[in-house]
Each structure stands twice: as structure tokens, then as C-alpha cells.
Peer 1: 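Take this structure, written in C-alpha cells, and hold onto it; I'll ask about it next.
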Amino acid sequence: MENLISLVNKIQRACTALGDYGEESTLPTLWDALPAIAVVGGQSSGKSSVLESVVGKDFLPRGSGIVTRRPLVLQLHKIDEGREYAEFLHLPRKRFTDFAAVRQEISDETDRETGRSKQISAVPIHLSIYSPNVVNLTLVDLPGLTKVAVEGQPDSIVHDIENMVRSFIEKPNCIILAISPANQDLATSDAIKISREVDPRGERTFGVLTKIDLMDKGTDAVDILEGKSYKLQFPWIGVVNRSQADINKSVDMIAARRREREYFSNSPEYKHLAHRMGSEHLGKMLSKHLETVIKSRIPGLQSLISKTIAELESELSRLGKPIASDAGGKLYMIMEICRCFDQIFKEHLDGIRPGGDKVYNVFDSQLPAALKRLQFDKQLSMENVKKLITEADGYQPHLIAPEQGYRRLIESSIVTIRGPAEAAVDAVHAILKDLVHKSISETLELKQYPSLRVEVTNAACEALDRMKEESRRATVQLVDMETSYLTVEFFRKLPQDIEKGGNPTHSIFDRYNDSYLRRIGTTVLSYVTMVVASLRNSIPKSVVYCQVRAAKRSLLDHFFADLGKKEVRISLQPLPPS
């Protein structure tokens, strides 16, 4: 039976190595299916002391506030003889015989994941302890429940911790070890409160009562320990941990266990319960119960693992071909995989697969709407027309038409079309980039080679960036061309005004009457409208030629050119075996 716990320990370590620890992981069902004992308690409930008593070593970080900020998967392995030591999953083959160094490494590894802030993380730390003084057992130490955030913590920390704890203990395969201090009212116990929510009948909750020796004189915890105050399916267990003074003096844990046994044996109130009190009994009882639960879950675990293996083997068969051993073969394989991706990308653009229609929507909807929103009326307001026309006269008024005024009005209006033109370039670029990522995910051959997938994605996106800049230059040039050379036939077809443009008796700032200025504004607006209609057709042609057609034609050309200069093995690293 002891081998069962060791087997589950190995599966838990494999799950963590694969990134599976419950929430949003690769194989969440496997982690969730494994039986585990989660240790739950409020801050200052004695949770750390209970764990250290079970292990018989000082190894957990201590301090004020939230010290445990990541789940600690504590795997105890009983050995027949030899020196006690500890190992971390993230430091393989490194043995810790100094448990003060274990404490420091837990703190350091927590900081590596969360930074030196006081944030929490659901990514667990795996610690294995090998000792002749422990029973085979696996415990998950969770952050202590708290009611207020301390300085340096977000206001949401209270709910974040509660949600993390609940995500562990609400699983039906989780055994809950609820730690509550005896010198506080059980009705206010954080551990009992949250345990009751997920396990209302107490069928998988073990109650542990700490600090019994610190209760007020004349009071005792007999009613709780006998299950009269709050009944659970399993008997309550009382423990007497070391005092803070004992911890400061580094009192030996073996001596502390002996004093704990003597306390229950010699106390008149608890003498009749002494046989099932204390941290030693707690460890043995949890180990025996965990073995029983694992045994009952073995058929389901076997079925789940077999199903997962079958699914992975099926996916491997779909991914197919083995890796070529020579450089030429690897190069050929990379080229073939890239061609598969390129074909899928083209199918999106050509409408065989969805997504390419979004490019048309840019030209049919977004660009016309943006052009329509241009406020030419502000550019051609009476005030602005008069200003530019009179400024164009110089020191004397034009006799027939202020040509420079016309040109300035037209240029200042047309230049605003740059905004919608550049927005169309950016919109099509975003669509093409999205189609690249979609095509990458749909290229099954790339799933087997994550490093190649990254290189192809980067190469395709870099190519799109270059095409976007070329498209931006070409498209803005179209607008600039319209400001550089006006269509003279448009103005020759206009009826000629035989009258003088204004009244020479007026001041130099009022040379043209309102009707004449309105006629200029109308003429300029007609010309600009003609230009907008022309650009509405030419801008899509420029964008499609420089971006869409270029992407279809040469998306990976630079990648292929660079490929021959690189070591092929850099781009063709397969996924590690499952």
C-alpha cells in the first residue's frame, strides 16, 4: 500500500512538470483526479506548526502577514535508515540536508514566481522529504485565509486567496485538513467556514484543533474533540504545538512530540482521548486514509491515464513523419511544412477558408465611412475660404480668379484624406496578421515543432510589417499626387466669370463678396469630391497590391533566403515526449 502513495507522488510531479496543476492547464482532469490532502487554515491558526510537527523538522518560512503565497505540495517518504534530506522538483538531483536552507529555498522560489511583491500564485512548489521519522503522506499546504490586505497587497488579495483555496478543496477527490485554534470560537473559524461550503456533510473533512494548551483557565475543548460542538464524519484531532519561545530556542521536534504526548496523557480533561490525539497520530491516520482513498480511485485513474495516452498517440499519428537525420532532409521537411502553412494562408485570402472577406469589408465599409466623416465643410467654411483667397492675392487683388487660393484650399482639403488611407493600410495589416496566426494554428505539421512554429510566425509577421510600410508609402503617395497636380480639365469646363472678383472700393481684407466666395467654396468642394471618388477606388488597389498580393506572392521569401544560412537543427526541435 505504501507504493500507492509513491505512485501518486510521481504522477503529481509529472503533472507539474507538464504544466498541469488544475486551472487552465494542459491536462487538468488528471491533476483533479488525483487524491490529495489540502491543509486549510486562517493566519495564525497554527497551520505551519502542525505541518512541521508531522514532518518533525523546522522547514517552513515564518513571519507576519501572508507567508505562504504558493501551494506547497509536500511529499513525505519513509526510509528505513539514513540521514534525513529534502529535494525540490525544480532543483533535481540536489539534496538538502540543512532544513534551514529548505526554508530559504521555499521563500526564494516563491519570489521567483511572484516577484518580491506580496502577490500569490497557483503554481505549486514540490518538496519531497525523506526521513525514517515520517509516514508516507502527501499534503498540499495552501496560503492562509485572511480578512484584510496588508500594505503592499492589492485589495483583492482576500478574495484571491479564498478562491485559490476553494479551487483546491471543492474537488471531490480532495481530503480537507481544516486547522482551527482552540482559543477562538469555532463559529469564527475560517477553515471550518470554507470547508462547510464545499463539504456540508463533513464527509471528507478532518478537523484539527490547535493551541489547546493556550485556552483560558476553566475552559476546555472536550466538546469539540468528541464531535459534540461540530460533528464531522472523522474524529477531531487535537495537537499541542511548540510555543514561540520553543521555536526561538530551536527546541528539538522529537522532544516537542514527547511533551505533546505527556500533555494529553496527564490532562484530566483529555486523558480519555489521548490515544487519538497528537501530531504523530494525525500523520498515521492521514496516511492510512490517503491509502484507502487512492485504492478506491485506482480504476478511474487507470482509465483516465489510458484514455489520455490514446489521445496523445492519436495526435502523434496525425503529426506523422519522423525527423530526418541529415541536414538536407531537415531542410526539405521545413520547406514542406512551410508550404503547407503558406497554402492554408492563401486559402484564407481566396475565400476557401474564412477570414479573407474582412479585407473586402475594409474597402467596402470602413474606408468609405472614414472618407465620409472628413469634415470638408470646416476646410471650406466662408471664413477659411475668405482667409486663403485674400492671402493668395498678395498686395493686390486678382483680376479674374485667385488661382493660388484655389490651390491652397484644395491641398488643405485633400491632405486630410491621408488619415483614412493610412487607417485602411493598418486595418488590412491587422487582418493579415490575424490570418497568419490562424493559419499557424491550423497547420498540424507545425504543432510537432514549437521552435519552428515560432520562427515561421516571426518571419511571416516581419514580412507583413515590411509590406505594411511599403503600402503606407505607396498609398500616401497617391494622396500626395492629388495635391501636387490638379486636373485642369475640371476647371476649364466651369463657366467663366466675366465679372471682376470684387469691389475695389472695399478694404483689402474684404475684396470678394460673399456670393463669389461661396462659388469658390462650391467649386473646390466639387473638385475634392471628385478626388475622393477617385481615391476610393485607387487606395484599395494600392493596399491590395502592396500587402495582400505581396503576402500571397512572397510571405516567406526572406525566411527561405535566411534558412540556408542557418543551422537547420535550430529550427527543427520537436516537442519533448509526453
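Treat the numbers as computed from the prediction; the structure is a model and nothing was measured.
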Peer 1: Verify the distance criterion only: is there a donor paired with an acceptor across the side chains of Ser156 and Asp160 at less than 3.5 Å?
Peer 2: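 Yes, a side-chain donor-acceptor pair sits under 3.5 Å.
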Peer 1: Less than 4.0 angstrom from a charged side-chain N to a carboxylate O is my criterion; do Glu162 and Arg166 meet it?
Peer 2: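 So Glu162 pairs with Arg166 through a salt bridge.
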Peer 1: Testing the basics here: between Thr138 and Leu290, what is the closest heavy-atom pair and its distance to 0.1 Å?
Peer 2: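 Result for this residue pair: N-CD2, 3.8 Å.
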Peer 1: Any side-chain heavy atom of Val39 sitting closer than 4.5 Å to one from Leu142?
Peer 2: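 SC-SC contact between Val39 and Leu142 ruled out.
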Peer 1: Rounded at 0.5 Å granularity, tell me how far CG in Asp141 sits from OG in Ser48.
Peer 2: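 Reported to 0.5 Å precision, the distance equals 6.0 Å.
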Peer 1: State whether Tyr449 and Lys447 meet the cation-pi test: NZ (Lys) or CZ (Arg) under 6.0 Å from the six-membered ring centroid, and within 45° of the perpendicular axis.
Peer 2: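 Judged by the rule, Lys447 and Tyr449 form no cation-pi pair.
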Peer 1: Kindly give the heavy-atom pair with the smallest separation between Ile237 and Gly278, and that separation in Å.
Peer 2: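 So the two residues come closest at CG2-O, 4.0 Å.
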Peer 1: One pair to check against salt bridge (Lys or Arg N to Asp or Glu O under 4.0 Å): Glu291 and Lys295. What are the steps and the verdict?
Peer 2: CA-CA 6 Å; Glu291 289 174 354; Lys295 186 176 181 181; over 6 Å; no
Peer 1: Under 3.5 Å, is there a donor-acceptor pair between the side chain of Asp434 and the main chain of Ala430?
Peer 2: no
Peer 1: Under the side chain to side chain contact (heavy atoms under 4.5 Å, CB included) criterion, do Arg69 and Asp111 qualify, and how do the steps go?
Peer 2: CA-CA 9 Å; Arg69 292 183 282 117; Asp111 289 341; 2.9 Å; yes
Peer 1: Might you work through the side-chain hydrogen bond (donor to acceptor under 3.5 Å, both in side chains) test for Ser229 and Asp223, ending with a clear yes or no?
Peer 2: CA-CA 6 Å; Ser229 295; Asp223 285 348; 4.8 Å; no
Peer 1: Are the side chain of Arg276 and the backbone of Trp236 linked by a donor-acceptor contact shorter than 3.5 Å?
Peer 2: yes
Peer 1: As a quick check of understanding, evaluate side chain to side chain contact (heavy atoms under 4.5 Å, CB included) for Val40 and Leu177, giving each step before the final call.
Peer 2: CA-CA 6 Å; Val40 182; Leu177 190 63; over 6 Å; no
Peer 1: What's the shortest heavy-atom distance between Asn241 and Gly46, and which atoms?
Peer 2: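 For Asn241 and Gly46, the tightest heavy-atom pair comes out as ND2-O, 3.7 Å.
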Peer 1: Do Thr146 and Asp190 have side-chain heavy atoms sitting under 4.5 Å apart?
Peer 2: no
Peer 1: Under 3.5 Å, side chain of Ser121 to main-chain N/O of Val123, donor-acceptor pair present?
Peer 2: yes
Peer 1: Is the shortest heavy-atom distance from the side chain of Asp98 to the side chain of Val102 under 4.5 Å?
Peer 2: no
Peer 1: Any side-chain heavy atom of Met277 sitting closer than 4.5 Å to one from Leu225?
Peer 2: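 A side-chain contact under 4.5 Å exists here.
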Peer 1: Determine whether the aromatic ring centres of Phe96 and Phe88 lie less than 6.0 Å apart.
Peer 2: yes
Peer 1: Counting distance only, does the side-chain N/O of Lys171 pair as donor-acceptor with the main-chain N or O of Ser167 below 3.5 Å?
Peer 2: yes
Peer 1: Side chains of His289 and Ile175, heavy atoms from C-beta outward: is any pair under 4.5 Å?
Peer 2: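 His289 vs Ile175: side chains touch.
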Peer 1: Measuring from Leu435:CG to Glu347:CD, what's the distance to the nearest 0.5 Å?
Peer 2: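 Between Leu435 CG and Glu347 CD, I get 12.0 Å after rounding to 0.5 Å.
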Peer 1: Could Arg95 and Tyr85 be counted as a cation-pi pair, given that NZ or CZ must be under 6.0 Å from the ring centre and within 45° of the axis?
Peer 2: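 Satisfied, under 6.0 Å and within 45°.
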Peer 1: With respect to His348, which candidate in Arg353, Glu442, Lys358 satisfies the side-chain hydrogen bond (donor to acceptor under 3.5 Å, both in side chains) definition?
Peer 2: Glu442
Peer 1: How are the rings of His77 and Tyr130 set relative to one another: parallel (under 30°), tilted (30 to 60°) or perpendicular (over 60°)?
Peer 2: parallel
Peer 1: Atom CG of Leu432 and atom CG of Leu349: how far apart are they, to the nearest 0.5 Å?
Peer 2: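 Reported to 0.5 Å precision, the distance equals 6.0 Å.
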Peer 1: So Glu52 and Lys57, side chain to side chain contact (heavy atoms under 4.5 Å, CB included) or not? Walk me through it.
Peer 2: CA-CA 5 Å; Glu52 290 182 332; Lys57 286 290 180 183; over 6 Å; no
Peer 1: When you check the gap from the basic side-chain N to the acidic O, do Arg93 and Glu87 get nearer than 4.0 Å?
Peer 2: no
Peer 1: State, without any angle test, whether Asn458 and Glu462 hold a side-chain donor-acceptor pair at a distance under 3.5 Å.
Peer 2: no
Peer 1: Could you pull out the closest heavy-atom pair between Pro71 and Val140, with the gap in Å?
Peer 2: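 Smallest heavy-atom distance, with atoms named: CB-CG1, 4.2 Å.
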Peer 1: Do Leu76 and Asn136 have side-chain heavy atoms sitting under 4.5 Å apart?
Peer 2: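 Not in contact.
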Peer 1: Please identify which of these residues, Glu105, Glu113, His126, meets the side-chain hydrogen bond (donor to acceptor under 3.5 Å, both in side chains) condition with His90.
Peer 2: Glu105
Peer 1: Return yes when atom NE2 of His272 has more than 12 non-hydrogen atoms of other residues, nucleotides or ligands closer than 6.0 Å, and no otherwise.
Peer 2: yes
Peer 1: So Thr219 and Asn183, do their side chains get closer than 4.5 Å, heavy atoms only?
Peer 2: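 In short, these two side chains do not touch, never coming nearer than 4.5 Å.
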Peer 1: Can you tell whether the side chains of Arg103 and Asp58 come within less than 4.0 Å, N to carboxylate O?
Peer 2: no
Peer 1: Would you kindly say whether Glu84 and Asn133 are connected by a side-chain donor-acceptor distance under 3.5 Å?
Peer 2: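 Short answer, yes.
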Peer 1: Please report the interatomic distance CZ(Arg201) to CZ(Arg196), rounded to the nearest 0.5 Å.
Peer 2: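 Between atom CZ of Arg201 and atom CZ of Arg196 there are 15.5 Å.
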Peer 1: CG of Leu209 to CG of Leu186: how many Å apart, nearest 0.5 Å?
Peer 2: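 Between atom CG of Leu209 and atom CG of Leu186 there are 7.0 Å.
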Peer 1: In Å and rounded to the nearest 0.5 Å, what is the CD1 to OG distance from Ile298 to Ser303?
Peer 2: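 That separation rounds to 13.5 Å.
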Peer 1: Any sub-3.5 Å donor-acceptor pair from Asn266's side-chain atoms to Glu262's backbone N or O?
Peer 2: yes
Peer 1: Assert yes or no for the condition that the ring centre distance of Phe264 to His275 is strictly below 6.0 Å.
Peer 2: no
Peer 1: Does the Arg261 side chain pair with the main chain of Ala256, one donor and one acceptor, at a distance under 3.5 Å?
Peer 2: no
Peer 1: Are any side-chain N or O atoms of Ser45 and backbone N or O atoms of Gly42, one a donor and one an acceptor, separated by less than 3.5 Å?
Peer 2: yes
Peer 1: Just by distance, no angles: are the side chains of Glu260 and Ser279 close enough, under 3.5 Å, to form a donor-acceptor pair?
Peer 2: yes
Peer 1: Is there a donor-acceptor contact under 3.5 Å from the side chain of Lys78 to the main chain of Pro132?
Peer 2: yes
Peer 1: Would you mind reporting whether Val222 and Tyr270 have side-chain heavy atoms less than 4.5 Å apart?
Peer 2: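 The answer is yes, as the side chains (C-beta and beyond) meet within the 4.5 Å cut-off.
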Peer 1: Using the side chain to side chain contact (heavy atoms under 4.5 Å, CB included) rule, take Ile305 and Ile309 through it: C-alpha gap first, then chi angles, then the decisive distance, then the call.
Peer 2: CA-CA 6 Å; Ile305 292 173; Ile309 291 173; 3.8 Å; yes
Peer 1: Which atoms form the tightest heavy-atom contact between Cys461 and His437, and what is the distance?
Peer 2: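 The answer is SG-NE2, 4.0 Å.
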Peer 1: For the pair Asp199 (side chain) and Glu203 (backbone), establish whether a donor and an acceptor sit closer than 3.5 Å, ignoring hydrogens and angles.
Peer 2: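 Looks like yes, one N/O pair under 3.5 Å.
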Peer 1: Do the side chain of Thr292 and the main chain of Lys288 share a donor and acceptor less than 3.5 angstrom apart?
Peer 2: yes
Peer 1: Which pair of non-hydrogen atoms, one from Ala86 and one from Ile129, has the smallest distance, and what is that distance?
Peer 2: CB-CG1, 4.1 Å
